[in-house]
Amino acid sequence: MYRLQNHRAARARKLEPVTWAELLERLKAGQDERTLFLPQDLSPDELARYAVGLANHKGGTLFLGVSPEGRVLGAAEIHPLQITHALFQLTQGLLLPYVEVLEGPEGRVLALHVPKAPAAIALGPGRVPFWDGARLTELKLGEARPEPDFTAQVLPAASLSDLDPLEVLRLRRILEERGSALAALPDLELLFALGLIERVEGEERPTVAGLLLAGTPLALRRLLPQAEVSYYFHQDEEGYAFREDLLRPIPALLERLRDLIQARNRVRYLTVGLFRIEVWDFDQEVYREALLNALVHRDWQSLDAIQVHHHPDRLEVSNPGGFPPGITPENVLRHPPKRRNPRLAEALYRLGYVERAGSGVDKMYRLLLKYGKEPPEYRLFPEALTLVLYNPELDEAFVRGLAEAQERHGAFSLDHLIVLGHLRRVGRAALEELARALQLPPESARRVLHRLERMGLLLKEGGRYRLQGQDPLAQRLLAALGAPRTRRELEALLGLSPKEVLALLRRLMGEGRVLREGRGPGTRYRRA
């Protein structure tokens, strides 16, 4: 087996001169996102377009006096100061690369070390050059630059010795269990196939995705300290009772987080016909999807860590970076998937952790609603996103009734589960409210509701819908009134707003099922 830890580490060349032998190695490797070859017979304007295009992507090195195939042509007639002066003038002082002169048997080459531009640089009115690794294109002024995939990058100080052979073996075992043909590949070929290493200047070096999936603890601490995940367990709302900070490759990280959550996770059993249903406080598949979403979609360039806060009544997973552009909590179910870190997502897909189609949100919704729980809640902050999984009081009658209904009608679609779960929580709702819950246009939502009416599961009364044959919210409130309670107590028990509880109480009092005692702050409600 190839010994990863014995492979020579690549030298960081940010401040070191490039030797002629190293130049030839780089020319042999060819052009890429950070390397560009140009002949010397370019106008200053053309040279500026390519240099700015490189700066507008990831930055890198532009070798002047080289053919596109990597053959040295020479750049004997150009002085470095001519280049820096021309680029300074043409970019209004926004780009000033460091120019290095390389002399060798085949001639003279100039290496322009171009830094990544903090903001898009325009050349002339309305155009922004952009080098995508294969060709020079132009973005319209004001158009967002394609967001580079940080997890596909190779960090300057990273080498193959930063990968843990045992973690590479773990990846191989995962692939073997899935029956993947990748499991039969030698180590380096396997890592290449997963996108976990790249060949840079003739050497194999790990990508950020490679470090995240198989890096040593020391390498993660040195190169990617933001890969840490902090787990907190809260017995109440006053501080936390337990904390563990984890800095491990993602497969080992997920295993440890599963152990921490399962150690504090309760399960209850319901019998439906011949089957027994397990209802966990937090379903393992649901919180696994929540953790994977945080890892795949987080902003890996942020130095902040992912945080997992485990409360008896909820599980909160917070990660740096919000939704990808265009996705909001109001359309997350329907929006086509957008991946912030494609290289990491693709590797996790090949390893069987995630679905390429981006069905993780659907899976969370389905499993939560199946067991009578609430849909996931998304809380957006300027530079972070928190996903909340709630653990309400188990509604045994609803879960049992839902399982029996699916035995009669077949498995429900996610849309059916959303409607039934929403009406279980609020009692009655109009079309517009249910359309928002479904994240569908009203006409599409109406078709879902019509189907449930024909199945005998919904009843429409006065423009509002409720579950057929029962009023689950009223039943929950009446069950809570085993002893007289205030409105605030009912709000906390039912998880409803003051307006919703007041409307429900008024309806039940009008029906003669609830009585009010006292007035003002001392008002209590009891069953009639």
List the residues meeting side-chain hydrogen bond (donor to acceptor under 3.5 Å, both in side chains) with D283, not counting sequence neighbours, and say none if there are none.
none
Can you name the residues that form a salt bridge (Lys or Arg N to Asp or Glu O under 4.0 Å) with R222, not counting sequence neighbours?
D162
To the nearest 0.5 Å, what is the distance between NZ on K58 and CD on E33?
3.5 Å
Please enumerate all residues that pass side-chain hydrogen bond (donor to acceptor under 3.5 Å, both in side chains) together with R71, with sequence neighbours excluded.
none
Set of residues satisfying side-chain contact (heavy atoms from CB on, under 4.5 Å) with respect to S302, sequence neighbours excluded:
R298, D299, D304, P320
Listed partners of R314 passing salt bridge (Lys or Arg N to Asp or Glu O under 4.0 Å), at least two apart
E237, E316
Not counting sequence neighbours, which residues clear side-chain contact (heavy atoms from CB on, under 4.5 Å) with A384? List them please.
F381
side-chain hydrogen bond (donor to acceptor under 3.5 Å, both in side chains) with E46: which residues, sequence neighbours excluded?
S43
Return all side-chain donor-acceptor pairs below 3.5 angstrom for residues 322-331, not counting sequence neighbours, or 'none' if the list is empty.
from: T328; atom 1: OG1; to: E330; atom 2: N; distance (Å): 3.2
from: T328; atom 1: OG1; to: E330; atom 2: OE1; distance (Å): 3.4
from: T328; atom 1: OG1; to: N331; atom 2: N; distance (Å): 3.3
from: T328; atom 1: OG1; to: N331; atom 2: OD1; distance (Å): 3.4
from: N331; atom 1: OD1; to: T328; atom 2: N; distance (Å): 2.7
from: N331; atom 1: ND2; to: G326; atom 2: O; distance (Å): 3.1

Apply side-chain hydrogen bond (donor to acceptor under 3.5 Å, both in side chains) to S318 and list each qualifying residue two or more places apart in sequence or on a separate chain.
T386
Qualifying residue for ring-ring contact (aromatic ring centres under 6.0 Å, His included) with H310, from F242, Y287, Y240, F282
F282
Which atom pairs, one a donor and one an acceptor, fall under 3.5 Å between side chains of residues 250-261 and the rest of the protein, sequence neighbours left out?
from: E255; atom 1: OE2; to: R170; atom 2: NH1; distance (Å): 3.2
from: R256; atom 1: NE; to: E244; atom 2: OE2; distance (Å): 3.0
from: R256; atom 1: NH2; to: E244; atom 2: OE1; distance (Å): 2.9

Hey, could you give me each pair passing side-chain hydrogen bond (donor to acceptor under 3.5 Å, both in side chains) that has a residue in residues 245-254? Not counting sequence neighbours.
S230-D245, R243-D245
For A184, the side-chain contact (heavy atoms from CB on, under 4.5 Å) test, sequence neighbours excluded, returns none
